[in-house]
Amino acid sequence: MLVATRGVAFVQGLRAFASQATPAIPEPRETSVNTSLRKGAGGRASFSGNVVTVFGASGFLGLPIVNRLAKNGNQIIIPYRQDPYYMRELKVVGELGQILFFPFELKDGESIRKVLRYSNIVINLVGTRVPTKNYSMEETHVNGARRLARISREMGVERFIHLSALGANPNPEKGFFVGKSEFLRTKGLGENAVRDEFPSATIVRPSLMYGENDGFIQYYVSRWRKTPMDTVYLYKGGEQTIKMPVWGGDVALGVERIVRDVSTKGKTFELVGPHAYQMSELVDYMFKKAHCIPTFGFNYRRHGLPDPYFMALTLATEMWGKLFKTKVPLNREWMQYVEATNDVMTGCPGFDELGVRKLGEFELLGGQLAFYRSFYKYYEEQIGDLPAPPLPLRSPPLIKRSSTVFA
């Protein structure tokens, strides 16, 4: 009888406590995947629930970004406007049926709507270093970006990620090779256009990127930059320009983290390398890694003096590109961005906020790529054959706050 009485009292006490306590209702949390459509345990053979359209996937960053997205089970739609031959590498990074290709035209809104019909995430990697008759930098970076952002919003796309450039500014400073950097000006106007059409878009500003088929190592470690007298011209000898080169694979990882993290909506990220270098230090190191040394009969010299031969060669290659409508190895607009523009962060979030801690070191990855572009082609260097070139001097990344630059 005593046990039954205690049991009744215990139950009554629980009921009284439950009537007084406020039930804890979890707050709704936005997710980056459409879980209702998710299939599989994760990986290339699964489906994450996201359908991602990647514009400009045939460029430098296209392959590493598509590879990382496919690895997480995203279905990827790749619009293209050139011969399908140039998209062949992108076919093998995902499971059969997970990577789809559709022809489109950047000026044709209807073709853009077709490729966005089933997408919930859009990544815009479209950009150019060489303007053409049909696609100037203004048309590519500003009008094209605005068109993609506007149609994405109208089609109900949830996320829009836009690739810009570190230092993008609608009103850049006066340049040396050109009056004002059209590349940085149009990139800055493109950011404003994307924000106007898609306010919750995420902007990514990488610094000078390097990797396979890049616009830095492949561009500078070449016989187009080295004259027959073994001299290499740089703006002011490269001693007044600071660059923070970043490995293209790290930028691809950062973009993949942005796709997975919905809290990045409406933010701007500046993705830079782990160190800052003088341009002169980088070029000296690359040419020495490429065997441009006295041991093989080269007398490498870097200078900032007026070089009529090099400037005439630059103008001739630019004329060739306009005449035959092709890319050229020398371009004053790109030289202005690389040689005469400092890489300085403005305080926006970076790799740390995305959880990316280990970044590629230029001394290892950049030096290896320069080594593959050896000026002494038929020499196979073995360990210990040559002394290691001195490493470039470096400092922490530069951050600009107000009117002061901090290292």
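Residue indices begin at 1 and follow the sequence shown.
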Identify whether the distance between the nearest side-chain nitrogen and carboxylate oxygen of [X] and [Y] falls below 4.0 Å.
X	Y	result
Asp284	Arg302	yes
Arg146	Glu197	yes
Glu154	Arg113	yes
Lys133	Glu139	no

Verify, without hydrogens or angle tests, whether [X] (side chain) and [Y] (backbone) share a donor-acceptor contact under 3.5 angstrom.
X	Y	result
Asp261	Ser263	yes
Glu270	Thr346	yes
Asp343	Met244	yes
Trp247	Leu359	no
Arg301	Asn299	yes
Asp214	Gln218	yes
Arg257	Leu354	yes
Asn120	Asn50	no
Thr231	Thr227	no
Glu333	Glu182	yes

Query raised in the report: Any chance the rings of Phe375 and His291 have centres within less than 6.0 Å?
Result: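 Not under 6.0 Å, so no.
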Requested in this report: Check whether the ring centres of Phe55 and Phe104 lie less than 6.0 Å apart, and answer yes or no.
Outcome: yes
Gap separating the [atom1] atom of [X] from the [atom2] atom of [Y], nearest 0.5 angstrom:
X	Y	atom1	atom2	result
Phe216	Tyr337	CZ	OH	11.0 Å
Thr341	Ile242	OG1	CD1	12.5 Å
Tyr118	Leu100	OH	CG	11.5 Å
Leu90	Ser58	CG	OG	8.0 Å
Phe102	Leu116	CZ	CG	11.0 Å
Met279	Leu208	CE	CG	7.0 Å

Query - salt bridge (charged side-chain N to carboxylate O under 4.0 Å, His left out) between Glu95 and Arg44, intermediate numbers included - result: CA-CA 6 Å; Glu95 190 69 16; Arg44 296 185 193 272; over 6 Å; no
Report task. Evaluate the criterion salt bridge (charged side-chain N to carboxylate O under 4.0 Å, His left out) for residue pair Lys71 and Glu256; output intermediate values, then yes/no. Result -> CA-CA 10 Å; Lys71 186 177 181 180; Glu256 185 261 339; over 6 Å; no
Requested in this report: For side chain to side chain contact (heavy atoms under 4.5 Å, CB included), just list the numbers for Thr264 and Glu353, CA-CA rounded to whole Å, side-chain angles, deciding distance to a tenth of an Å, and then say yes or no.
Outcome: CA-CA 10 Å; Thr264 59; Glu353 286 74 9; over 6 Å; no
**Report entry** Parallel, tilted or perpendicular, as decided by the 30° and 60° cut-offs, for the rings of Phe296 and Tyr379
**Finding:**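 Ring orientation of Tyr379 relative to Phe296: tilted.
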**Report entry** Aromatic ring pairing Phe362/Tyr285, orientation class (parallel under 30°, perpendicular over 60°, tilted between)
**Finding:**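 The arrangement is tilted - the two ring planes meet at 30° to 60°.
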Closest contact, heavy atoms only, [X] versus [Y]:
X	Y	value
Arg88	Tyr85	NH1-O, 3.0 Å
Val246	Ser207	CG1-OG, 3.4 Å
Pro329	Tyr219	O-CE1, 3.1 Å
Gly360	Tyr210	O-OH, 3.7 Å
Pro397	Pro274	CD-O, 3.3 Å
Ser119	Val115	OG-O, 3.5 Å

Given side chains that start at C-beta, do those of [X] and [Y] come closer than 4.5 Å, heavy atoms only?
X	Y	answer
Glu381	Phe371	yes
Val204	Ser164	no
Gln98	Phe47	yes
Leu393	Gln278	no
Phe287	Ile293	no
Val259	Arg159	no
Asn124	Ile161	no
Tyr80	Pro103	yes

Query raised in the report: Going by the side chain to side chain donor-acceptor pair (under 3.5 Å) test, which pairs reach into residues 357-371, not counting sequence neighbours?
Result: His275-Glu361, Tyr277-Glu363, Glu361-Arg394, Glu363-Arg394, Gln368-Tyr372
Query raised in the report: What's the verdict on side chain to side chain contact (heavy atoms under 4.5 Å, CB included) for Leu189 and His141, showing C-alpha distance, side-chain angles and the deciding distance?
Result: CA-CA 8 Å; Leu189 293 175; His141 297 155; over 6 Å; no
Requested in this report: Step through the shown structure and confirm whether more than 12 heavy atoms of other residues, nucleotides or ligands are within 6.0 Å of CG on Leu323.
Outcome: yes
Report task. Might you confirm whether atom CZ of Phe176 has over 12 heavy atoms from other residues, nucleotides or ligands at distances under 6.0 Å? Result -> yes
Indicate whether any N or O donor in one side chain lies under 3.5 Å from an N or O acceptor in the other, for [X] and [Y].
X	Y	answer
Ser48	Asn72	no
Lys243	Asn342	no
Glu339	Tyr220	yes

Requested in this report: Let me see the working for Lys107 and Asn134 under side chain to side chain donor-acceptor pair (under 3.5 Å), right down to the final yes or no.
Outcome: CA-CA 10 Å; Lys107 295 181 180 180; Asn134 294 323; 5.1 Å; no
Report task. For Thr128 and Met137, run side chain to side chain contact (heavy atoms under 4.5 Å, CB included): C-alpha distance rounded to whole Å, both residues' side-chain angles, the deciding distance at 0.1 Å, then the answer. Result -> CA-CA 7 Å; Thr128 183; Met137 288 193 175; 4.1 Å; yes
Query raised in the report: Stepwise, does the side chain to side chain contact (heavy atoms under 4.5 Å, CB included) test hold for Ile123 with Val52?
Result: CA-CA 7 Å; Ile123 302 176; Val52 186; 3.9 Å; yes
**Report entry** Sole candidate of Glu191, Arg195, His162 that passes side-chain hydrogen bond (donor to acceptor under 3.5 Å, both in side chains) when paired with Thr268
**Finding:**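 Single pass found, and it is Arg195.
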Query raised in the report: Is there a salt bridge (charged side-chain N to carboxylate O under 4.0 Å, His left out) between Arg332 and Glu318 once you walk through the steps?
Result: CA-CA 8 Å; Arg332 285 176 297 169; Glu318 289 182 351; 3.0 Å; yes
